[in-house]
Amino acid sequence: MNRHWVKTKDGSPSLYVPELQQNYHSLHGALQESRHVFIEAGLKLFADQKEVRILEVGFGTGLNALLSHFEKQKPSQSIYYHSMEKYPLQEEEWQALEWPELFSEKPEYQEFYLDLHKAAWEQEVCLRPDFTLLKNCTDLRTYSAKAAQYDLIYFDAFSPEAQPELWSESVFAEMHKALKAGGRLVTYCVKGSVRRAMKAAELEVEKIPGPPGKREMARALKEV
Ligand SMILES: C[S@@+](CC[C@H](N)C(=O)[O-])C[C@H]1O[C@@H](n2cnc3c(N)ncnc32)[C@H](O)[C@@H]1O
């Protein structure tokens, strides 16, 4: 996949894919979007759990994994992080990305970022005592979920305009199956057709305030 890096408004980097006309993150700020949508609206709901099991659609730059490790509410919490990615970044791409705001003052962020990318694919890797990573190089459309495995899904695919097949009722039915009862799915996209596909897959969807530059985002619940 052809892509090049771009700088977003909060100073953090992202990637642009010309053939899909898609950015990996909001141009209003990659870092603030990831924090708002996935950490604040997702991970923080599980602050009281000793372990949180996360499924991510689209590993990409690894930013969501990085923030999940460092910005969870309780340092004692452990995270099992399973991410699916069809088009992994090449080494020269992930080596070129830098988050000055994160890396310059906190060398442990940079170290963890490199560890995330160097970790082997298709196997569980214990990156830190409180962080286990499983990266699968796979197509979301072929994903067949084991029931009730995850507390939280970071649904971070490219937009439904670019990849409508990833925002379908059948994909959300797998997401519903993969969630534990009471589990949540968060995504930046709040489009009506997407919310209808989620509802058809028996997820209960709400619109909540979005990150800067976006009025709303969606959060879905698998009912108990
Ligand atoms: C919006 S980007 C988000 C990436 C990542 N979460 C980040 O913060 O960098 C969408 C990601 O979905 C991946 N992707 C695209 N099609 C996919 C598919 N069919 N199955 C799995 N991943 C896919 C892309 O390669 C890209 O990494």
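Computed from a predicted structure; not experimentally measured. Atoms within a ligand are numbered from 1 in the order they appear, just like the ligands themselves.
- Summarising the contacts of atom 20 (N) of ligand 1 with Leu140, Val37, Leu89, the nearest heavy atom is found in Leu140.
- One finds no salt bridge joining Arg53 and Asp151 here, because no Lys/Arg side-chain nitrogen approaches an Asp/Glu carboxylate oxygen to under 4.0 Å.
- Considering only non-hydrogen protein atoms, atom 8 (O) of ligand 1 sits nearest to His25 NE2, 2.8 Å.
- Of the protein's non-hydrogen atoms, the one nearest atom 19 (N) of ligand 1 is Asp139 OD1, 2.9 Å.
- Checked against the 6.0 Å centroid threshold, Phe158 and Tyr24 count as a close aromatic pair.
- Checked by atom type and distance alone, the side chain of Ser26 never pairs as donor or acceptor with a backbone atom of Glu33 at under 3.5 Å.
- Without hydrogens or angle criteria, Tyr188 side chain to Ala157 main chain gives a donor-acceptor distance under 3.5 Å.
- Closest to atom 1 (C) of ligand 1, if we only count protein heavy atoms, is Tyr24 O, 3.3 Å.
- Atom NZ of Lys44 has more than 12 neighbouring heavy atoms from other residues, nucleotides or ligands inside a 6.0 Å radius.
- Close N/O approach between Arg141 and ligand 1 is not found [any backbone or side-chain N/O within under 3.5 Å].
- Residue-level proximity to ligand 1 for Gln22 is absent, since no heavy atom of it falls below 4.0 angstrom.
- Counting only residues at least two apart or on different chains, the salt bridge (Lys or Arg N to Asp or Glu O under 4.0 Å) pairs with a member in residues 75-90 are Lys86-Asp139.
- Of the heavy atoms in Ala157, only backbone atoms (N, CA, C, O) come closer than 4.0 Å to ligand 1.
- Ligand 1 has no nitrogen or oxygen under 3.5 angstrom from a nitrogen or oxygen of Asn23.
- For atom 3 (C) of ligand 1, the closest heavy atom belonging to the protein is Asp156 O, 3.3 Å.
- With hydrogens left out, the protein atom closest to atom 14 (N) of ligand 1 is Glu85 OE2, 4.0 Å, a heavy atom.
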*Might you work through the salt bridge (charged side-chain N to carboxylate O under 4.0 Å, His left out) test for Arg35 and Glu101, ending with a clear yes or no?*
CA-CA 13 Å; Arg35 276 192 174 128; Glu101 197 185 305; 3.6 Å; yes
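- Under 4.0 Å from ligand 1, the heavy atoms of Phe59 that appear belong solely to its backbone.
- Between Gly58 and ligand 1, at least one N/O pair is under 3.5 Å apart.
- The protein atom (non-hydrogen) at minimum distance from atom 16 (N) of ligand 1 is Gln163 NE2, 3.0 Å.
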*Should Ser159 and Gln22 be marked as a side-chain hydrogen bond (donor to acceptor under 3.5 Å, both in side chains) after you check the CA-CA gap, both sets of side-chain angles, and the distance that decides it?*
CA-CA 8 Å; Ser159 77; Gln22 288 290 300; 3.2 Å; yes
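- Under the 6.0 Å cut-off for aromatic ring centres, His117 and Tyr113 qualify, their centroids lying closer than that.
- Residue contact annotation: Ser34 has no non-hydrogen atom under 4.0 Å from ligand 1.
- Counting non-hydrogen atoms of other residues, nucleotides and ligands closer than 6.0 Å to CD of Glu105 gives a total of 12 or fewer.
- Closest protein heavy atom to atom 17 (C) of ligand 1: Lys86 CB, 3.7 Å.
- At least one heavy atom of Glu56 sits under 4.0 Å from some atom of ligand 1.
- Remark: distances from the non-hydrogen atoms of Glu165 to ligand 1 are all 4.0 Å or more.
- Considering backbone and side-chain N/O of Arg3, none are found under 3.5 Å from N/O of ligand 1.
- With Asp115 as the fixed residue, the side-chain hydrogen bond (donor to acceptor under 3.5 Å, both in side chains) test singles out one of Gln110, His69, Arg128: Arg128.
- For CD of Gln21, the number of neighbouring non-hydrogen atoms (other residues, nucleotides, ligands) closer than 6.0 Å is 12 at most.
- By the criterion of a heavy-atom distance under 4.0 Å, neither the backbone nor the side chain of Leu15 is placed next to ligand 1.
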